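Not measured: the values here are computed from a predicted model. For the numbers below, each heavy atom of this structure counts, side chains included, while hydrogens, waters and symmetry mates do not.
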Amino acid sequence: MRKWVRITAVILAAALFSIAAAGHTGMIANASEKKEEQEKPESEMTEEEKAEKAAKEAREKALKEAYELPVQTNKLKGWPEGPGTYGDAGIVMDADSGAILYAKNIDKHEYPASITKVLTALLAFQYGDMASQVTISEEALACLGSGYASIGLKAGNVISMEQAMYAMLLASANEAAYAVGETIAAGQGQGYDWFIEQMNEKCVQLGGKNSNFVNTNGVFDENHYTCARDMALIGKALFEYPMFFQICQTQQYTIPAGDTVEEHVFQQKHHMLLQGNQDYYEYAAAGKTGYTTEAENTLITLAENAERRLVCVVLHTYGGHPYSDTRELLEYGFNNFEEVPIMEHDESGEYSWVEDGAYVMLPKKVSFEKLDREVVLHEDGTDNATVTYYYKDMPVGTCEVTVSENYYNAKKAENEPEEIKEEKPEPKKEAGEEKKERKDNKERYKAAAAIGVAAILTVCSGIAVIVTRITRKRKQKRRR
């Protein structure tokens, strides 16, 4: 019996070994085949394979070049090292102080694509009535090119401003964004172009200097551009509008069927706001995605934890990376900085009042004493001012203050133009005085002329004497 058990065990072991060996051989064969496929010479490739290979190489090169672009804040002494990103530009801004914590080409012109819609939303909250009606016009539909986001609204559809905002921010519906601008402008007795003007004015008002918006939705136009800093300033302003967060945190929204419109159902597209998504981020609170061929991926994300509120913007970022880059940047912003109260550290004595809770955001290795500041008095003629603190030209905090009387007077005097003194004409001389002055001048001219003539005669006499002597000497030499 034991003999048969041993024989059976040997047979089973041999069988298992054969199966394992065959599997291993198969893996080697598969690996070899893949290797051969990867190393296939270009001469044996089809045109399609060549194009695919070229595209892959171009993408790898673009990713490498984007990642190696300089991060300006990494060059600041004492500043924590920030992560590289797979895009042309990126920023992390503290939403309360305005401090820039991370900067990579933050003023470079880039195409924003659909993150343009957050500026449209900001103006809608400022001017619009969420209960007002929005009618979809033919012009609103004309902006839809091939591949541009839409929920399929049709000319003549009537929805509420609130519904249009959900369609614009969740589904990125371009026709809804156009209609929002068109409707708000009409409410002000203006046309669509007025709304575009307001977009640009609002950006400047917030401190933006490198943007030019020509539409409400981000449909590509070479004259429609922005930069990471300007978009962060827009995002910072949106923290004042709770409805923006309410919309962005909605996972799915339905516009019900009505007399003029059919039912539309759509979802949030920002993965970091989608619970259950692999890119979900617990501190992400709002934001907007964007993409066009020219802009690549763009993303703005507003985030907050128990300690601070941040805005992160990444522009011209290559596919597969906008969310991972944003997560790393936000984690960097949350973990490497601390609030330094201005009132406790500014010892200049030039403020009589400082905005409650005002602070600068600094790394632990940078002290308040190393900061520079710029004080700008308000144009209303009062002693109120805006103060911005800088570390090596990088803004680390802005607050409102009231300056002291002495500082105000000194600053005002410094800014006032110097008075232009009028040249007073010399008093007019009497006729007798003028006659006497002319006579005196005439006598002086005669005296000067006489002296001049005498000097000339003296010089001539001297020359004559010299010439006479030279002539005599020559004659004497000839006689000898």
Side-chain angles (χ1 to χ4, degrees), residues 87-91 108-125 134 136-137 139-151 153 164-185 192-193 195-203 206 208 210-235 237-238 244 247-248 266 268-271 273 286-302 311-319 322 326:
D88 286 358
I91 189 171
K108 183 185 176 188
H109 289 180
E110 299 283 0
Y111 299 125
S114 282
I115 65 171
T116 299
K117 296 179 175 85
V118 299
L119 178 54
T120 302
L122 180 61
L123 287 170
F125 291 132
V134 174
I136 306 302
S137 66
E139 288 77 14
L141 298 174
C143 70
L144 296 176
S146 175
Y148 280 105
S150 165
I151 61 168
L153 292 169
M165 294 286 281
Y166 274 92
M168 176 177 75
L169 293 173
L170 293 189
S172 201
N174 288 295
E175 74 273 33
Y178 190 103
V180 166
E182 198 174 38
T183 301
I184 289 174
Y192 178 78
D193 289 343
F195 190 89
I196 303 302
E197 290 173 7
Q198 296 307 304
M199 291 174 71
N200 287 296
E201 286 183 17
K202 187 66 177 179
C203 183
L206 295 172
N210 290 286
S211 297
N212 185 62
F213 299 97
V214 301
N215 58 53
T216 58
N217 44 33
V219 168
F220 174 71
D221 186 300
E222 63 180 10
N223 294 314
H224 185 89
Y225 56 83
T226 188
C227 68
R229 189 201 298 257
D230 290 6
M231 288 308 305
L233 290 169
I234 293 165
L238 279 163
F244 180 70
I247 294 173
C248 291
F266 43 86
Q268 170 61 268
K269 290 187 174 183
H270 192 317
H271 292 181
L273 298 166
K288 184 73 190 71
T289 61
Y291 175 82
T292 65
T293 303
E294 298 82 5
E296 282 290 344
N297 290 277
T298 63
L299 189 68
I300 179 169
T301 307
L302 282 61
V311 182
C312 179
V313 180
V314 292
L315 298 174
H316 204 276
T317 300
Y318 293 95
T326 294

Checklist entry - Between S172 and K288, does any side-chain donor sit less than 3.5 Å from a side-chain acceptor? => result yes
Checklist entry - To the nearest 0.5 Å, how far apart are CG in L170 and CZ in F266? => result 6.0 Å
Checklist entry - How about F244 and M165: do any of their side-chain heavy atoms sit closer than 4.5 Å? => result no
Item to check | E222 side, atom CD; N212 side, atom CG - distance, nearest 0.5 Å | outcome: 11.5 Å
Item to check | Distance, nearest 0.5 Å, that separates OG1 of T326 from NE2 of H271 | outcome: 12.5 Å
Next on the checklist: Any heavy-atom pair between the side chains of V313 and R229 that's under 4.5 Å?
Outcome noted: no
Next on the checklist: T317 vs N297, test: side chain to side chain donor-acceptor pair (under 3.5 Å). Steps then yes/no.
Outcome noted: CA-CA 5 Å; T317 300; N297 290 277; over 6 Å; no
Next on the checklist: Quick check against the 3.5 Å criterion: does T183 have a side-chain atom that pairs as donor or acceptor with the backbone of A179?
Outcome noted: yes
Checklist entry - What pair of heavy atoms forms the shortest contact from A237 to L122, and how long is it? => result CB-CD2, 4.0 Å
Checklist entry - Considering all heavy atoms of both residues, which atom of E175 and which atom of L153 are nearest to each other, and what is their separation? => result OE2-N, 3.2 Å
Item to check | L299 side chain near H270 side chain, heavy-atom distance below 4.5 Å | outcome: yes
Checklist entry - Shortest non-hydrogen contact from A171 to A149? => result O-CB, 3.9 Å
Checklist entry - Do T120 and T216 have side-chain N/O donor and acceptor atoms under 3.5 Å apart? => result no
Checklist entry - According to the interplanar angle, ranging from 0 to 90°, do the rings of Y192 and Y178 count as parallel (below 30°), tilted (30 to 60°) or perpendicular (above 60°)? => result parallel
Checklist outcome for this item: Separation between CD (E294) and OH (Y111), nearest 0.5 Å, reads 7.5 Å
Item to check | Test of ring centre spacing under 6.0 Å for H316 and Y318 | outcome: yes
Checklist outcome for this item: Rounded to the nearest 0.5 Å, the CG atom of N215 sits from the CG atom of D193 at a distance of 11.5 Å
Next on the checklist: Please report whether the ring centroid of H224 lies less than 6.0 Å from that of F213.
Outcome noted: yes
Checklist entry - Hey, does L141 have a side-chain heavy atom less than 4.5 Å from the side chain of I136? => result yes
Checklist entry - Between I300 and L302, which heavy-atom pair has the shortest distance, and what is it? => result CG1-CD1, 4.1 Å
Checklist entry - With a 4.5 Å heavy-atom cut-off, do D88 and L315 have their side chains touching? => result no
Checklist entry - Can you find a side-chain donor-acceptor pair between E110 and T298 that sits under 3.5 Å? => result no
Checklist entry - Going by distance alone, is a donor N or O of one side chain under 3.5 Å from an acceptor N or O of the other, for N174 and S150? => result no
Next on the checklist: So Y291 and E296, do their side chains get closer than 4.5 Å, heavy atoms only?
Outcome noted: yes
Next on the checklist: Within the 4.5 Å heavy-atom criterion, are C248 and L273 side-chain neighbours or not?
Outcome noted: yes
Checklist outcome for this item: Distance col, row I91:CD1 vs C312:SG, nearest 0.5 angstrom, shows 9.0 Å
Item to check | T116 versus G218, closest heavy-atom pair with distance | outcome: OG1-CA, 3.4 Å
Checklist entry - Nearest heavy-atom pair of M231 and I115: which atoms, and what distance? => result CE-O, 3.5 Å
Item to check | Check: N217 main-chain N/O paired with K117 side-chain donor or acceptor under 3.5 Å | outcome: yes
Next on the checklist: Could you walk me through whether V311 and T301 satisfy the side chain to side chain contact (heavy atoms under 4.5 Å, CB included) test, starting with their C-alpha distance in whole Å, then the side-chain angles of each, then the deciding distance to 0.1 Å, before giving a yes or no?
Outcome noted: CA-CA 6 Å; V311 182; T301 307; over 6 Å; no
Checklist entry - Please walk me through it: do N210 and K108 pass side chain to side chain contact (heavy atoms under 4.5 Å, CB included)? => result CA-CA 8 Å; N210 290 286; K108 183 185 176 188; over 6 Å; no
